[in-house]
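Beneath this line is the structure, given in structure tokens, with notes to follow.
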Amino acid sequence: MARTVVVSGGGTGIGRAVARRFAADGDQVVVIGRRAEVLERAAKEIGGTALRADLSEPADVERVRDELAERFGGIDVLVNNAGGNVERHGDGGGDVAARWTGNFRANVLTAVLPTEALRDLLNPSGRVVFLTSIAALRGSGGSSYGPMKAALHPYSGDLAAALGPRGITVNVVAPGFIDDTEFFGGTLEEERRAMLVGQTHTGRAGTPQDVAETVHWLASPGAGHITAQIIQVNGGAERGR
Ligand SMILES: NC(=O)c1ccc[n+]([C@@H]2O[C@H](COP(=O)([O-])OP(=O)(O)OC[C@H]3O[C@@H](n4cnc5c(N)ncnc54)[C@H](OP(=O)(O)O)[C@@H]3O)[C@@H](O)[C@H]2O)c1
């Protein structure tokens, strides 16, 4: 049966691959992000729905909840994928408080606000998946990105306990280096890329499809007894070489 699947940040990169993967099953997929044009393109490709919103803004999230409730009633799968390292892009500004607040908004609020707003709309046997990062496990070179992603780990565990009685599972997918997304904003130097690939046991960069398949599997009926887990998709890079 077709499910209703909500993918934050579904207009680009990993989120777009996730949206495609569910749409290939005939699911009704809603992609959410801030850039209307990007979202419309992604939604058109998969025959889905585009909802423009800044998910770090409570008013936008309330509007999204009302629209989803009106259009679909319930939600089967919520993929909290929106995020990124705003320090690396420099949008966080120069001071420490601004940099940490920037990554808090970009990675914690974008996941927690929609989850809290939509949890009562989740259907029985629903699925919640958070995208964090290898940086949540081993740090991000002094930036606030890894610590902010790590905040989602205990949050998702508590949520799994709260939603378990409704048959809903809650899991985290923590990718390592994934190519072909907007994450690095075109700033990844060849030397650093080679270093990241060199940390894997598989000898290659991850792809958005690698992550999409893992999210799709966690959302499958067969994964119904997997909850409160952190699944790493990094070719073994967390252990290093
Ligand atoms: N690529 C990697 O190596 C890697 C590794 C580990 C983890 N991750 C994580 O994987 C997730 C997907 O990243 P990606 O690599 O696919 O990068 P990406 O292409 O930059 O995707 C991030 C998406 O999130 C959306 N987004 C960001 N802030 C938002 C906000 N406030 N409200 C709504 N949407 C927002 C962006 O759309 P708009 O800009 O239009 O809003 C964009 O579509 C992120 O959480 C990232 O931290 C990536």
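Note that ligands are numbered from 1 as they come in the structure, with each ligand's atoms numbered from 1 the same way. Quick caveat, the model's predicted, so the values are computed rather than measured.
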Review point. If you measure from each heavy atom of Gly84 to ligand 1, is any distance below 4.0 Å?
Key: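 Under 4.0 Å: yes for Gly84.
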Please list the nearest protein heavy atom to [atom] with its residue and the distance rounded to 0.1 Å.
atom: atom 31 (N) of ligand 1; result: Asp54 OD1, 2.9 Å
atom: atom 46 (C) of ligand 1; result: Tyr145 OH, 3.6 Å
atom: atom 6 (C) of ligand 1; result: Pro175 O, 3.3 Å
atom: atom 5 (C) of ligand 1; result: Gly176 O, 3.1 Å
atom: atom 34 (N) of ligand 1; result: Gly33 CA, 3.5 Å
atom: atom 40 (O) of ligand 1; result: Arg35 NE, 2.7 Å
atom: atom 18 (P) of ligand 1; result: Thr12 OG1, 3.5 Å
atom: atom 15 (O) of ligand 1; result: Thr181 OG1, 2.7 Å

**Message:** At under 4.0 Å between heavy atoms, is it the side chain or the backbone of Arg105 that contacts ligand 1, or both, or neither?
**Reply:**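 It is neither part, as no heavy atom is under 4.0 Å.
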**OP:** Heavy-atom distances under 4.0 Å are what count here, so tell me which part of Thr132 touches ligand 1: side chain, backbone, both or neither.
**Re:**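 It is the backbone that gets close, since no side chain atom is under 4.0 Å.
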Shortest heavy-atom approach to [atom] - which of [options]:
atom: atom 1 (N) of ligand 1; options: Ile178, Val211, Asn103, Leu196; result: Ile178
atom: atom 22 (C) of ligand 1; options: Ala82, Gly9, Gly83; result: Gly83
atom: atom 11 (C) of ligand 1; options: Ile32, Asn81, Ile14; result: Asn81
atom: atom 29 (C) of ligand 1; options: Glu57, Glu37, Arg34; result: Arg34
atom: atom 32 (N) of ligand 1; options: Val79, Val173, Leu55; result: Leu55

Flag the pair Glu40 and Lys44 as a salt bridge only when some basic side-chain nitrogen lies within less than 4.0 angstrom of an acidic carboxylate oxygen.
no
| query | So, Arg204 and Asp179, do they make that salt bridge, N to O below 4.0 Å? | reply |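 No salt bridge links Arg204 with Asp179.
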### Query
Between the side chains of Thr115 and Asn80, does any donor sit under 3.5 Å from an acceptor?
yes
Is there a nitrogen or oxygen of Ser133 sitting under 3.5 Å from a nitrogen or oxygen of ligand 1?
no
Please could you name the atoms of ligand 1 that [X] approaches to less than 4.0 Å, counting only its heavy atoms?
X: Lys149; answer: 44 (C), 45 (O), 47 (O)
X: Phe177; answer: 3 (O)
X: Glu182; answer: 18 (P), 19 (O), 20 (O)
X: Ala53; answer: 32 (N), 33 (C)
X: Gly13; answer: 16 (O), 19 (O)
X: Thr110; answer: 30 (C), 31 (N)

Determine the minimum heavy-atom distance between [X] and [Y], stating which atoms define it.
X: Ser143; Y: Asn85; result: OG-ND2, 3.6 Å
X: Val38; Y: Thr12; result: CG1-CG2, 3.5 Å
X: Val128; Y: Ile168; result: CG2-CG2, 4.3 Å

For Arg21, the salt bridge (charged side-chain N to carboxylate O under 4.0 Å, His left out) test, sequence neighbours excluded, returns Asp25, Glu213
When Arg63, Arg34, Arg105 are each screened for side-chain hydrogen bond (donor to acceptor under 3.5 Å, both in side chains) with Glu57, the one that passes is Arg105
Self-check item: Pairwise distance CG(Leu159) to CZ(Phe130) - rounded to 0.5 angstrom
Solution: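 Those atoms lie 5.5 Å apart.
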What's the separation between atom CG in Asp180 and atom CD1 in Ile14, rounded to the nearest 0.5 Å?
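Output value for this atom pair is 10.5 Å.
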Mind checking ring pair (Phe, Tyr, Trp, His ring centres under 6.0 Å) for Phe177 and listing every partner two or more places apart, or none if nothing turns up?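 Once residues adjacent in sequence are excluded, the partners of Phe177 under the ring pair (Phe, Tyr, Trp, His ring centres under 6.0 Å) criterion are Phe184.
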Worksheet item: With no hydrogens and no angle check, is any side-chain donor or acceptor of Asn103 less than 3.5 Å from a backbone partner on Val86?
Response: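 Flag set: sc Asn103 to bb Val86 pair under 3.5 Å.
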Side chains of Asn81 and Val18 in contact at under 4.5 Å (non-hydrogen atoms):
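In short, these two side chains do not touch, never coming nearer than 4.5 Å.
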